[in-house]
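Everything on this sheet refers to the single structure shown next.
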Amino acid sequence: MSDDVTLTVSEAPVWWADYAPKAALGYSPVRACIAGDENSDISPTELRELWGRQSLIVANAALLRTRLFGNRNHREARHFDVLELFAFVRPAQFCAPSVAGLALACGYAEPQTPEAQARALFDVITHLCELLKSSPLGVRLVAQSGVRLMEKQGWAWAPMLQAVLDATEIPPDYIAPPALDVWSLLEEWEDQAPEGQPRTVSLSEEEVGAALDADLARAGLDERRPEQRAFAMRARDIFAPKFVKDQPNMLLAEAGTGVGKTLGYLAPAHAWARKAQGQVWISTFTKALQKQIYNDTHALFEHPSERAEQVVVRKGRENYLCLLNFQERLNSAHSQPELIMAVLMARWVLYSRDGDILSGDFPTWLPSLLPPTSPAHVFQTLTPSALVDRRGECTYAACPHYRVCFIEKSVRKAKSASLVIANHALVMAQAAYDLRDIARAEMQAELNGEDVQDEVAVPALSRLIFDEGHHVFEAADSAFATRLSGLEAFELRRWIRGNEGRSRRGRGLEARLGDLLAGDDASKQAMQELVRAAALLPAEGFSQRITVRTQDGGGLDPVGPVEALLVEVYKQIDIRLGEVRVRTKFSPDNEQGGECEAHPCLEGVALAAKTAARALAAIEAPLLALVRALEDRLTTGGTELEPADRIRIEGALRGLERRARMLLPAWRSLLQQMTMDEDPSKDPSLPGRSPEAAQTIDWFSTEVIRGRVVDVCLNRHYVDPSLPLAEYVLKPAHGVLIASATLSDGTREAADGDIFGLARQRTGANHLVMGTKTVRVASPFDYASQARLFVVTDVSRDDARAVGAAMQALFIAAKGGALGLFTAIRRLRTVYEQINRPLGERGLSLYAQHVDPLDVSDLISVFRAEHHSCLLGTDAVRDGVDVPGQALRLIAFDRIPWPRPDTLHRARRQHFGMKVYDDALTRAKLAQAFGRLIRRRDDKGVFVMLDSAAPTRLFSGLPEGVLIQRCTLAEAIAAIEMFLYPN
């Protein structure tokens, strides 16, 4: 196409085209279609020229831009992105960020071809215009404020929406609501009386059966599954009264896919909460399942208002939008794209169910639509991670938005809800807080000669259900680990001293708490000492100082003892990695960084650790003094303390205590173990180690982003994190259910008869006096007829091009709906580059994690919406994908997903059983991936392993009826085509 390319169509397809382009774009990797009154096919090369010359109606301009230009510079006309229109008209409503996602969200069928995609965009625009036109008056008036502001900023869709809203008759006393300051329109939370201790009751089989039947009827499910009823009857065991201290009623329950385990445990949980007037916490590992469980609670209640009161989704405070952060970003937004995006985000704030911006109803794809040259995109100021409270800067009652704060609403609602849907990480943290509060209350009651009050005598997490229970081990591993890195230490400095020399919000501890310490000279002195001591922590630019190597092998001049320690640690990693590379066959991914065991550490590391430990002690001492001072104010203030000040002190204490009594002591303990290595006669493996050190493993690692080292970390993990899991979570609880479709280990059936042996190890059940009960409910699906398993014998797993060619052939044979899973990011990218265009030529779209500019959840949403698309990913995709029906009909592994032989795994491998442990973990991964294939009775799915060396024993954990077929690639393709498409 020549330089003067233009595209013209004769007439507007619908009325709104007077305000928008007359052409819409449908795109595939090899062909694009421009639709108006007529269709025009153009190649990607021609589209690149057209992209900078003519406005088009598109869906997800950011993704199209990446597909067309990669990271190259290019011209760009003002395109009309329908995703922006959707975000404005239907805020806080789900939509996969693609043409198919828009069409399905608006009630249309999935468009299959570029022509159908382009035409579908016209239908979506018409639908959204009609929806806004028919909205209630209040909705239109609020929308009008946003449109007027966005029109001044040149938003492409503003004239069209204004034409829609011009028909709105404005009341004479109408006062325009704000377009950005939407917190003034939010409903305030209200405090409620504390809940009492739950009654001691049991559930009969009749009660559970009646509850399940009623829930199924409300859900409109006529089918009665005996497997689901059997599961529900066993789940009721955890709601029996507790009779032995430190021994909850615990059940490990494996429920195969299709059993209906969610409603199977929701029915007894809700029945018990209603009868006992108690609370049940339901915990998940993935955000997707958290949403699914919340949606499934519709079946438990007759009226939506009752559900709104009794069910709450709880997450860590780092998931919720901080309104004060948002206000600060609005004050600094000046460019047109920033203000337009700010209005779209403000509309989400107004309509969001709970303000969860990371994993709730916020469209995570929205910030990606910003132009790549806009300040907000360059500096990431309007991303979800920039708008949450990650650094403990919350001022609680002193915040002007405190009464409408999303976090405070969630916390208060959770206190009175009967069902709390949380995640594993939050449950671990909440359990630790419960024990701390109970211990503090017991100590205070003993000092005062009183009894402990009922509301603190029993932990909030007395009844716990862990769905995705196979991830409890990983969650505990993360929750009870210690990590000292440049970023972690820098964040502590910023929490104490604020954003030094920067204009944006981020006040230091003195500015946040100074007025609460007025009149207390000792506290003021402690605060001054704390601020001075924090100057020794890493400062701005730490990453370059600790990771850039000079000619002599050292780093740039480090600032303070912690940076000096990290430079020495980086040296040790370099030296030890040189030794490892000589003797190992394992080739780490260039995105994973390097690592080495900490002990015995180099002399330079030991000396630097001693200096850094002294610096941390100098921070810990005044921090503890501040904690004690604020605790004294709470206990001695009495009625003289204002309620707002009491709330601020209680909130501040949470952050102060966590750092003074948990974080800093853990860091110093880690460093003190390094200093023991100064003595060459001191072997850290000998009995002289501390009891804690004997249960943990220490190692050093580097953090890598896009192949470049950006941070250095000192790590300490429990070799067996189920120890603290049992101590802090299980033992205080009254009832615990750990449920999953993959808890048992099939090979143990032949070995020692205990198919739940690995699950007992990894869930903490082995550390309970009386252990746990177990149950296994098989899937009702006929896997022999619904699934196929192939191990391909003639593809070299070490040849990326051969693996790519095999995946391409498999994806074409399945006609899309295929998921390719990789154990290394570099191989994923290589295969993507190889097969993207050939698949496009066959009409199959290809998406890839670590390639496309979309969050994993958005990639899965697009994959679910487009039944003929394909997706490449790693473990995060395998754990997060939930695609019922024919949208997922083939899963292909590039090789056996053996555990990565890193330092931590080697320690656990030795502790848990060497090769037996490796096999068990790998079987579990394969079983979890296979479980994604068959989600309904009419599903068909194919599982392919492109690793001829795959041992048969690793597939013994798959459902009964699945047979391994070892064959060539050609034979597998022929069998797949015959199985999926027999006609």
Side-chain angles (χ1 to χ4, degrees), residues 110 112-113 256-258 779-797 801-822 831 834-835 838-846 863-864 866-872 878 881 883-896 926-927 929-952 954-983:
E110 176 198 348
Q112 302 285 346
T113 64
T257 307
S779 170
F781 297 148
D782 181 4
Y783 285 97
S785 62
Q786 290 183 254
R788 294 290 184 270
L789 169 59
F790 299 99
V791 176
V792 175
T793 57
D794 61 345
V795 174
S796 172
R797 69 177 190 178
R801 297 200 65 81
V803 171
M807 285 209 175
Q808 175 185 322
L810 291 168
F811 292 178
I812 291 173
K815 300 181 181 179
L819 174 63
L821 294 173
F822 291 80
V831 169
Q834 177 183 343
I835 71 175
L839 289 180
E841 292 174 347
R842 303 296 293 263
L844 304 178
S845 299
L846 180 65
F863 177 63
R864 185 186 297 115
E866 300 179 9
H867 287 188
H868 296 286
S869 64
C870 304
L871 176 62
L872 305 181
R878 185 200 71 222
V881 67
V883 185
Q886 287 301 295
L888 176 59
R889 46 193 176 270
L890 183 142
I891 293 179
F893 267 91
D894 72 326
R895 61 178 63 192
I896 287 291
L926 294 176
F930 186 88
R932 305 295 177 179
L933 268 178
I934 310 299
R935 313 294 287 177
R936 301 190 308 213
R937 290 184 182 274
D938 58 348
D939 280 356
K940 279 189 173 184
V942 179
F943 189 97
V944 181
M945 176 60 65
L946 296 174
D947 187 345
S948 59
T952 301
L954 297 182
F955 299 100
S956 61
L958 301 186
E960 187 176 349
V962 179
L963 301 177
I964 300 178
Q965 300 179 54
R966 295 182 181 272
C967 58
T968 65
L969 179 62
E971 292 169 338
I973 289 173
I976 289 169
E977 291 175 338
M978 181 63 67
F979 175 65
L980 292 179
Y981 307 103
N983 297 323

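Judged by distance alone, with hydrogens and angles left aside, the side-chain atoms of Gln786 form a donor-acceptor pair with the main-chain N or O of Asp939 at under 3.5 Å. Although no hydrogens or angles enter the test, the distance criterion places a donor-acceptor pair under 3.5 Å between the side chain of Thr793 and the main chain of Cys967. Side chain of Arg889 to main chain of Gly816: a donor-acceptor pair is present (N/O by atom type, distance under 3.5 Å, no hydrogens or angles). When atom types are taken as modelled, the side chain of Glu866 and the backbone of Phe863 share no donor-acceptor pair closer than 3.5 angstrom. Put simply, the side chain of Lys940 gets close to the backbone of Phe979: a donor and an acceptor are under 3.5 Å apart. Within the 3.5 Å criterion, the main-chain N or O of Lys815 finds a donor-acceptor partner in the side chain of His868. One N or O on the side chain of Tyr981 and one on the backbone of Ala814 form a donor-acceptor pair closer than 3.5 Å.
A heavy-atom distance below 4.5 Å is found between the side chains of Phe930 and Val962. Side-chain contact check for Asp894 versus Arg797: every heavy-atom pair is 4.5 Å or farther apart. By the 4.5 Å heavy-atom criterion applied to side chains, Phe943 and Leu926 are counted as neighbours.
Within the structure, side-chain hydrogen bond (donor to acceptor under 3.5 Å, both in side chains) pairs that include any residue of residues 801-812 do not occur (at least two apart or interchain).
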| request: Test side-chain contact (heavy atoms from CB on, under 4.5 Å) on Met945 and Ile896 and set out the steps. | output: CA-CA 7 Å; Met945 176 60 65; Ile896 287 291; 3.6 Å; yes

| task | Before giving the answer on side-chain contact (heavy atoms from CB on, under 4.5 Å), spell out for Leu980 and Val942 the whole-Å C-alpha distance, their side-chain angles and the decisive distance to 0.1 Å. | result | CA-CA 8 Å; Leu980 292 179; Val942 179; 4.2 Å; yes

| task | Please lay out, stage by stage, how Gln965 and Leu789 fare under the test side-chain contact (heavy atoms from CB on, under 4.5 Å). | result | CA-CA 6 Å; Gln965 300 179 54; Leu789 169 59; over 6 Å; no

| request: List the steps, then state whether side-chain contact (heavy atoms from CB on, under 4.5 Å) holds for Tyr783 with Glu960. | output: CA-CA 7 Å; Tyr783 285 97; Glu960 187 176 349; over 6 Å; no

| request: Apply side chain to side chain donor-acceptor pair (under 3.5 Å) to the pair Thr952 and Arg966, showing each step before the final yes or no. | output: CA-CA 10 Å; Thr952 301; Arg966 295 182 181 272; 3.2 Å; yes

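Leu819 CG to Met807 CE: the interatomic distance, rounded to the nearest 0.5 Å, is 8.5 Å. Summarising the geometry, atom CD1 belonging to Ile835 is positioned 5.0 Å from atom CG belonging to Leu872; distances are rounded to the nearest 0.5 Å. If you take SG on Cys870 and CG on Leu839, they are separated by 5.5 Å, rounding to the nearest 0.5 Å. Between atom CZ of residue Arg788 and atom CG of residue Leu890 there is a gap of 13.5 Å, rounded to the nearest 0.5 Å. Distance CZ/Phe790 to CG/Leu963: 11.0 Å, rounded to 0.5 Å.
Contact record, Val795 with Ala806: CG2-CB, 4.0 Å, taken as the closest heavy-atom pair. Nearest heavy atoms, Gly957 versus Ala927: O-CB, 4.0 Å. In terms of heavy atoms, Gly941 sits closest to Ile934 at N-CD1, 3.5 Å. Minimum interatomic distance between Leu946 and Leu810 (heavy atoms only, all atoms of both residues): CD2-CD1, 4.0 Å. Of all non-hydrogen atoms in Leu871 and Leu846, the two that sit nearest each other are N-CD1, 4.3 Å. Of all the heavy atoms in Ala813 and Ile973, the pair that sits closest is CB-CG2, 3.8 Å.
The side-chain hydrogen bond (donor to acceptor under 3.5 Å, both in side chains) check on Arg842 picks up nothing, with sequence neighbours excluded. Under the side-chain hydrogen bond (donor to acceptor under 3.5 Å, both in side chains) criterion, Gln834 pairs with no residue at all, not counting sequence neighbours. In this view, Asp794 satisfies the side-chain hydrogen bond (donor to acceptor under 3.5 Å, both in side chains) rule with no residue, not counting sequence neighbours. Every residue two or more places apart in sequence or in another chain was checked for a ring pair (Phe, Tyr, Trp, His ring centres under 6.0 Å) with Phe811, and none qualifies. Ser796 is linked by a side-chain hydrogen bond (donor to acceptor under 3.5 Å, both in side chains) to nothing, counting only residues two or more places apart in sequence or in another chain.
Ring centroid separation for the pair Phe822 and Phe893 does not come in under the 6.0 Å cut-off.
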